[in-house]
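Every heavy atom of this structure was used, including side-chain atoms; hydrogens, water molecules and symmetry mates were not. All ligand and atom numbering here is 1-based and tracks the order in the structure.
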Amino acid sequence: MNKVISPQRRVLTYGTFDLFHVGHVRLLKRIADLGDELIVGCSTDGFNELKGKKSIFPYEERAEILLSCKYVSQVIPEQSWEQKESDIETYGIDCFAMGDDWAGQFDYLEGITRVVYLPRTPGISTTHVKDVVGAVIEDKKKRLRNAAKLLNEVIDRM
Ligand code: CTP
């Protein structure tokens, strides 16, 4: 009897994935579970500029980090809003999935593939990580300014 080889089910998602964090990992794991292969469209620096976003890590590094994630099979550049239909055709995508901050925004793709929105992991985002790092730096600056002020007072008393 011939062995039946079932075709690989391919899943597609897009995003900037800057300062790769656990919210990204959990989303990619759940999306990868929807098929056999996960393709991630990573927003290029040029596309981010168009979206009014500026990443800390450049595209090449964000793509390299994404590819090192065990849930990701392939990384492609996301350069425009319009490429989704042609990517779905080119890569034979069975399911398109995004975090639910995008809920409803890609329903127009339902004619050509399955569209899924998954809940975000609460309490973490790239913006949050940037805010925390920013606050730590501000605190360091404040401590250094206070130390410099004290040192000046000591010098003045000499
Ligand atoms: N995502 C998620 N859970 C989080 C953060 C992000 O599931 N806590 C998902 C988003 O819904 C999106 C994907 O990860 O589908 C890539 O999101 P991205 O915008 O790169 O990450 P954010 O952390 O949301 O970045 P920012 O704060 O710059 O918006």
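With respect to atom 15 (O) of ligand 1, the closest heavy atom belonging to the protein is Gly99 N, 3.0 Å. When only non-hydrogen protein atoms are considered, atom 11 (O) of ligand 1 lies nearest to Asp101 OD1, 2.6 Å. For atom 4 (C) of ligand 1, the closest non-hydrogen atom on the protein side is Ile124 O, 3.6 Å. Here the heavy atom of the protein found nearest to atom 3 (N) of ligand 1 is Thr121 N, 3.1 Å.
Close approach of ligand 1 to Phe17 is summarised as follows: ligand atoms under 4.0 Å from at least one heavy atom of the residue are 13 (C), 16 (C), 20 (O). Each of the atoms 23 (O), 27 (O) of ligand 1 lies under 4.0 Å from some heavy atom of Ser125. Proximity to Thr16 (heavy-atom distance under 4.0 Å) selects the following atoms of ligand 1: 20 (O).
At under 3.5 Å, not a single nitrogen or oxygen of Thr13, backbone or side chain, sits near a nitrogen or oxygen of ligand 1. Close N/O approach between Pro122 and ligand 1 is not found [any backbone or side-chain N/O within under 3.5 Å]. Where the criterion is an N or O separation shorter than 3.5 Å, residue side chain and backbone included, His24 meets it with respect to ligand 1. The shortest N or O to N or O distance between Leu27 and ligand 1 is not under 3.5 Å. Residue-to-ligand polar distances place Arg120 within reach of ligand 1: an N/O pair is separated by less than 3.5 Å. Residue-to-ligand polar distances keep Gly15 apart from ligand 1: every N/O pair is separated by 3.5 Å or more. Considering backbone and side-chain atoms alike, Asp18 places every N or O at 3.5 Å or more from each N or O of ligand 1. Where the criterion is an N or O separation shorter than 3.5 Å, residue side chain and backbone included, Trp102 fails it with respect to ligand 1. Annotation: Thr127 places an N or O atom under 3.5 Å from an N or O atom of ligand 1; distance criterion only.
Neither side chain, Asp33 nor Tyr71, offers a donor N or O lying under 3.5 Å from an acceptor on the other. Side-chain N/O atoms of Lys53 and Ser43 include no donor and acceptor closer than 3.5 Å.
Two residues are said to be in side-chain contact when any heavy atoms from C-beta on lie closer than 4.5 Å; Tyr91 and Glu37 fail this criterion.
In this structure, Tyr14 and Phe96 have tilted ring planes: the angle between them lies in the 30° to 60° band. Using the six-membered ring where Trp is involved, His21 and His24 have ring planes that are parallel, under 30° apart on the 30 and 60° scheme.
In Arg26, neither the side chain nor the backbone holds a heavy atom less than 4.0 Å from any atom of ligand 1.
In this structure, Asp100 and Pro119 approach most closely via the heavy-atom pair OD2-CA, 3.2 Å.
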Please list, one pair per line, the donor and acceptor atoms closer than 3.5 Å that link side chains of residues 126-137 to other protein atoms, with sequence neighbours excluded.
unit_1, atom_1, unit_2, atom_2, d
Thr126, OG1, Asp18, O, 2.8
Lys130, NZ, Lys54, O, 3.3

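Around CD of Glu64, the count of heavy atoms belonging to other residues, nucleotides or ligands within 6.0 Å does not exceed 12. Taking a 6.0 Å sphere around CD of Glu49, one finds it holds 12 or fewer heavy atoms contributed by other residues, nucleotides or ligands. Within a 6.0 Å sphere centred on CD of Gln105, heavy atoms belonging to other residues, nucleotides or ligands number more than 12.
Under the side chain to side chain donor-acceptor pair (under 3.5 Å) criterion, no residue pair touches residues 145-158, with sequence neighbours excluded.
Heavy-atom separations between Lys53 and ligand 1 include at least one value shorter than 4.0 Å. Taking a 4.0 Å cut-off on heavy atoms, His128 fails to register as neighbouring ligand 1.
A salt bridge is defined here as a Lys NZ or Arg NE, NH1 or NH2 lying under 4.0 Å from an Asp or Glu carboxylate O, and Arg9 with Asp94 fails to meet this definition.
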